[in-house]
Visitor: 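Attaching a single structure in C-alpha cells format; questions to follow.
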Amino acid sequence: MKIHTFCKLSVLAFMLSGISIISTASTAQPFQLPPLPYDYYSLEPHISAEIMKYHYFWHHKGYLHNLNELTAGTEWEQISLEEIIVESADHPDQQNLFNNAAQVWNHTFFWQSMHPEGGGPPAGEMLEKIEESFGSYAEFRLEFASAAAGEFASGWVWLIQEDERLIIESTTDAETPIAEGRHPLLTLDVWEHAYYLDYQNRRGDFVKTFLDYLINWDFADSRLQ
Ligand code: MN3
C-alpha cells in the first residue's frame with residue numbers, strides 16, 4: 001500500500017514536472033532512479049508502453065523506495081548501491097535489503113541491455129567472443145533461450161564475462177552476479193511482470209523477441225574487459 005501511494009505520487013510529480021528524473025552517482029543518498037535510456041513506447045511493438053510504464057514506475061521505483069526506507073539513518077546509507085549488494089548478500093538477516101538493492105541495480109542494468117534498434121547477432125569483437133565461447137551465434141541463442149526457460153520461477157538470465165570466456169547463467173528472484181564480484185555484460189528480466197501483459201504465459205516468445213529485436217550488443221560490447 002505504501003509503495004502504491006508512493007508510486008502514484010511519483011507518477012503525478014513526474015507528469016507535472018515534465019522533466020526526466022536526474023541520475024546521480026550511486027554513492028549519493030537517497031538513492032535516485034536513473035532515467036530510462038529511451039521512451040516508454042520506443043520498444044513497441046515488442047514491449048508495449050504499458051508494460052514499460054508499469055515496470056519502471058511501479059516495480060523499479062518501488063524497489064528504490066524500499067531501499068531508501070531500509071537504509072535511511074543506518075550505516076548502509078554511507079556506501080554505494082553496489083557495496084550494499086555485496087555486503088548484504090551473505091547475511092540472511094539482510095535479505096530484504098539485499099532483495100531491494102539488487103532489484104534496483106538489476107533493473108537499471110536491464111534497461112541498458114535493450115535498445116529500440118537492437119536484436120540479431122552481434123558484430124566485430126563481440127561476435128568473435130560469442131563464437132569462441134559458444135561455438136556459434138546460433139548455439140548462444142539456444143543456450144540463452146534454454147536458460148530463460150529453465151528458470152522455474154522469477155529470475156534473470158545473464159551473459160557474464162569470466163576472464164576471456166563468456167557464459168550464460170540464470171539467477172533466481174533478486175540474485176545478481178555482481179554480489180559475487182562477477183562481471184555481467186547484459187541481462188534479461190524473466191519475472192512475469194516483465195512480459196505478462198503482452199505475452200501472458202509465453203515466456204519463450206518474449207525471450208525470442210528480446211534476442212531478435214531488442215538485445216543491445218553495443219552495451220555488452222562497451223562492458224567487455
Ligand atoms: Mn522486473
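Remember, it's 1-based here, ligands and their atoms both numbered in the order they're listed.
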Visitor: Could you walk me through whether Val104 and Phe31 pass the side-chain contact (heavy atoms from CB on, under 4.5 Å) check?
Guide: CA-CA 10 Å; Val104 168; Phe31 294 100; 5.9 Å; no

Visitor: For this output row, return yes or no: ring centroids of Trp111 and His55 closer than 6.0 angstrom.
Guide: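 Close enough - the centres of the two rings lie under 6.0 Å apart.
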
Visitor: Enumerate the residue pairs fulfilling side-chain hydrogen bond (donor to acceptor under 3.5 Å, both in side chains) with a member in residues 139-160, sequence neighbours excluded, ordered by first and then second residue.
Guide: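 Sorted pair list: Gln103-Trp156, Arg141-Asp212, Glu151-Ser170, Glu151-Thr172, Trp158-Thr171.
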
Visitor: At a cut-off of 2.8 Å, what protein N/O/S atoms sit near the Mn ion (ligand 1)?
Guide: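 Correct list: His55 NE2, His107 NE2, Asp189 OD2, His193 NE2.
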
Visitor: Taking only residues two or more places apart in sequence, or in another chain, which ones meet Asn216 in a side-chain contact (heavy atoms from CB on, under 4.5 Å)?
Guide: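 side-chain contact (heavy atoms from CB on, under 4.5 Å) check on Asn216 returns His115, Asp218, Phe219.
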
Visitor: Salt bridge check: are Glu192 and Arg203 linked by an N-O gap of less than 4.0 Å?
Guide: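 A salt bridge is absent here (no side-chain N lies under 4.0 Å from a carboxylate O).
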
Visitor: Apply side-chain contact (heavy atoms from CB on, under 4.5 Å) to Gln95 and list each qualifying residue two or more places apart in sequence or on a separate chain.
Guide: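 Applying side-chain contact (heavy atoms from CB on, under 4.5 Å) to Gln95 gives Phe98, Asn99.
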
